[in-house]
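Encoded as structure tokens, the structure appears first; notes follow it.
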Amino acid sequence: GIEPEGSLEEKISAIENHLKNTIVFDQRAHARGAIDLNTIINNRSAGSIGMIRLFTASLDHFNIRHELVITSDRFGIPLDPYFESWYSLREYLIYFPQIKKFIAPDYYAFRNFLIPYGYTNTYGLFIRRQFIQGRSRPLAYPDWIPATDHKVSTDNLDIEVSLQEHMSGVNVRENRTFSGYNSLWIQPFADVIPEDELLEIVEELTKNTAPDAEILEWEMLNKGANLVNRYPLEVNVTYFSSAYLQRAGRNHLFKLGELI
């Protein structure tokens with residue numbers, strides 16, 4: 001079980017992380033008819049519809065206001081709010097009107113109000129629950145899903161370079177952080193990847209700029225899906241390289257532009 005605490009955003013993120021960490025997303029589960037909540041909880045697996053039902057039931061349990069949103073990838077066939085045709089609506093989001101934010105219930109890697117960018121900057125069909133004479137009725141209306149703020153996704157470098165004696169090479173201390181969409185390639189899964197494979201990834205990143213890099217120290221911080229869109233993935237590496245230096249007669253050239 002879970003007892004979410006803190007602000008509304010913290011409660012929603014706690015519920016999202018708990019469900020996505022404990023229920024395996026398996027599209028075949030839907031084909032087997034596993035959309036009943038008891039079956040999903042007992043089997044610990046669910047398809048898309050099952051996850052959506054589980055999320056909405058959990059939010060209801062904790063009295064968190066929400067609306068279901070059905071949309072489409074804007075790079076395919078976006079919803080036209082002035083033309084009543086719903087055949088392209090296949091993707092689901094959950095909207096929280098009190099904080100004006102969304103979550104993607106059936107996407108494991110997207111956490112903490114980060115949703116697929118193809119489902120933003122477009123229209124969606126919002127479904128709000130209303131009560132008439134004590135009975136629950138859906139109210140559907142088209143509305144705009146805003147684009148994610150560009151400041152959310154970053155790829156920042158902080159680099160210190162020290163020249164070795166006799167200009168044999170340089171020692172580079174590099175701190176690189178990835179946030180938002182730029183972190184999704186590794187951050188959600190980094191906490192379950194073996195250390196030797198993580199080192200291979202760090203070596204590949206480093207050798208993109210210094211093919212002869214000899215890694216001296218490295219670490220990767222803020223690993224795991226729970227931290228996506230909350231803390232940036234941080235890669236710290238110290239390495240030696242001679243690729244940035246070039247001899248030109250009696251002069252030495254330092255290729256500063258190749259560091260980034």
Side-chain angles (χ1 to χ4, degrees), residues 8-9 12-13 15-16 19-20 23 25-37 40 46-60 62-153 179-185 188 228-229:
L8 180 57
E9 291 189 11
I12 294 168
S13 290
I15 294 170
E16 178 183 35
L19 294 181
K20 290 184 176 180
I23 305 297
F25 180 76
D26 182 359
Q27 200 62 268
R28 294 170 298 178
H30 178 69
R32 294 194 298 267
I35 59 174
D36 174 73
L37 294 182
I40 291 170
S48 179
I49 299 301
M51 286 298 287
I52 293 160
R53 293 193 67 189
L54 187 60
F55 264 87
T56 55
S58 299
L59 294 168
D60 283 341
F62 292 107
N63 297 313
I64 296 176
R65 284 179 53 201
H66 61 279
E67 299 177 14
L68 191 64
V69 182
I70 314 175
T71 188
S72 58
D73 192 322
R74 74 171 187 263
F75 300 109
I77 305 176
L79 172 66
D80 184 343
Y82 304 105
F83 183 72
E84 194 167 321
S85 175
W86 319 124
Y87 77 96
S88 65
L89 301 181
R90 296 184 177 88
E91 310 300 339
Y92 289 85
L93 302 171
I94 296 176
Y95 174 62
F96 301 94
Q98 292 169 281
I99 56 175
K100 301 185 185 306
K101 292 185 177 183
F102 301 79
I103 62 172
D106 56 344
Y107 279 82
Y108 173 82
F110 289 82
R111 307 287 183 99
N112 303 306
F113 310 104
L114 186 68
I115 62 175
Y117 56 80
Y119 308 161
T120 69
N121 201 39
T122 188
Y123 281 94
L125 185 67
F126 288 63
I127 304 173
R128 176 187 302 160
R129 181 187 302 166
Q130 59 180 359
F131 290 89
I132 300 175
Q133 295 181 343
R135 302 185 67 177
S136 177
R137 303 286 187 186
L139 172 65
Y141 61 99
D143 206 348
W144 184 249
I145 304 170
T148 303
D149 191 329
H150 71 279
K151 296 178 182 178
V152 165
S153 298
S179 67
Y181 296 118
N182 290 335
S183 74
L184 292 177
W185 64 278
V228 169
N229 206 37

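Positions are given from 1, in the same order as the sequence printed here. Atoms considered below: every heavy atom in the structure, side chains included; atoms not considered: hydrogens, waters and symmetry mates. Note that the coordinates shown come from a computational prediction; the quantities given were computed from them, not determined experimentally.
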(message) Under the rule for side-chain contact (heavy atoms from CB on, under 4.5 Å), what residues qualify as partners of Asn112, not counting sequence neighbours?
(response) Ser13, Asn17, Asn229, Arg230
(request) Please report the closest heavy-atom contact between Ile40 and Ala46, naming both atoms and the distance. (result) CG2-CB, 3.7 Å
(request) Applying ring pair (Phe, Tyr, Trp, His ring centres under 6.0 Å), name anything that partners Phe55, two or more places apart in sequence or on another chain. (result) none
(request) Mind checking the CG-OG spacing from Leu114 to Ser183? Nearest 0.5 Å is all I need. (result) 7.0 Å
(request) Find the distance between CG (Leu37) and CZ (Arg53) and round it off to the nearest 0.5 Å. (result) 5.0 Å
(request) Return the set of residues passing side-chain contact (heavy atoms from CB on, under 4.5 Å) with Pro146 (not counting sequence neighbours), or none when no residue passes. (result) Phe102, Trp144
(request) Scan side-chain atoms only and decide if Tyr181 and Thr148 contain a donor-acceptor pair under the 3.5 Å cut-off. (result) yes
(request) Could you tell me which residues satisfy ring pair (Phe, Tyr, Trp, His ring centres under 6.0 Å) with Tyr141, sequence neighbours excluded, listed by chain and number? (result) Phe126
(request) With sequence neighbours excluded, give me every salt bridge (charged side-chain N to carboxylate O under 4.0 Å, His left out) pair touching residues 106-127. (result) none
(message) Test of understanding: with side-chain contact (heavy atoms from CB on, under 4.5 Å), list the residues that count as partners of Ile99, not counting sequence neighbours.
(response) Leu8, Glu9, Ile12, Phe96, Lys101, Phe113
(message) Using the side-chain contact (heavy atoms from CB on, under 4.5 Å) criterion, which residues pair with Asn63? Sequence neighbours excluded.
(response) none
(request) Enter the distance from Ile127:CD1 to Ile94:CD1 here, rounded to the nearest 0.5 Å. (result) 11.5 Å
(message) Are Ser48 and Phe25 packed together at the side-chain level, in the sense that at least one heavy-atom pair is separated by less than 4.5 angstrom?
(response) yes
(request) Begin with the C-alpha distance, continue with both residues' side-chain angles, and end with the deciding distance and a verdict on side-chain contact (heavy atoms from CB on, under 4.5 Å) for Ile145 and Tyr95. (result) CA-CA 9 Å; Ile145 304 170; Tyr95 174 62; over 6 Å; no
(request) Would you please test Ser72 and Tyr123 for side-chain contact (heavy atoms from CB on, under 4.5 Å) and show each step? (result) CA-CA 8 Å; Ser72 58; Tyr123 281 94; over 6 Å; no
(request) With rounding to the nearest 0.5 Å, note down the distance linking OG in Ser58 to CE in Met51. (result) 9.0 Å
(message) Would Tyr117 and Phe75 count as a side-chain contact (heavy atoms from CB on, under 4.5 Å) here? Give the steps.
(response) CA-CA 10 Å; Tyr117 56 80; Phe75 300 109; 3.8 Å; yes
(request) Can you sort out the partners of Tyr107 under side chain to side chain donor-acceptor pair (under 3.5 Å), two or more places apart, ordered by chain and number? (result) Tyr119
(request) Please name the pair of heavy atoms, one in Thr122 and one in Pro78, separated by the smallest distance, quoted to 0.1 Å. (result) OG1-CB, 3.8 Å
(request) To the nearest 0.5 Å, tell me how far Leu93 CG sits from Ile115 CD1. (result) 4.5 Å
(request) Provide the full list of salt bridge (charged side-chain N to carboxylate O under 4.0 Å, His left out) pairs with a residue in residues 64-79, sequence neighbours left out, each pair given once. (result) Glu67-Arg128
(request) Please check if the side chain of Ser153 supplies one atom and the backbone of His150 the other of a donor-acceptor pair under 3.5 Å. (result) no
(message) What's the separation between atom CG in Leu54 and atom CD1 in Ile49, rounded to the nearest 0.5 Å?
(response) 13.0 Å
(message) My understanding is that only residues two or more places apart in sequence, or in another chain, count here; which of them pass ring pair (Phe, Tyr, Trp, His ring centres under 6.0 Å) with Phe62?
(response) none
(message) According to salt bridge (Lys or Arg N to Asp or Glu O under 4.0 Å), who are the partners of Asp60, at least two apart in sequence or on a separate chain?
(response) Arg129
(message) Among residues at least two apart in sequence or on other chains, which ones pass ring pair (Phe, Tyr, Trp, His ring centres under 6.0 Å) with Tyr92?
(response) none
(request) Search all heavy atoms of Leu79 against all heavy atoms of Ser85 and return the closest pair with its distance. (result) CD1-O, 3.9 Å
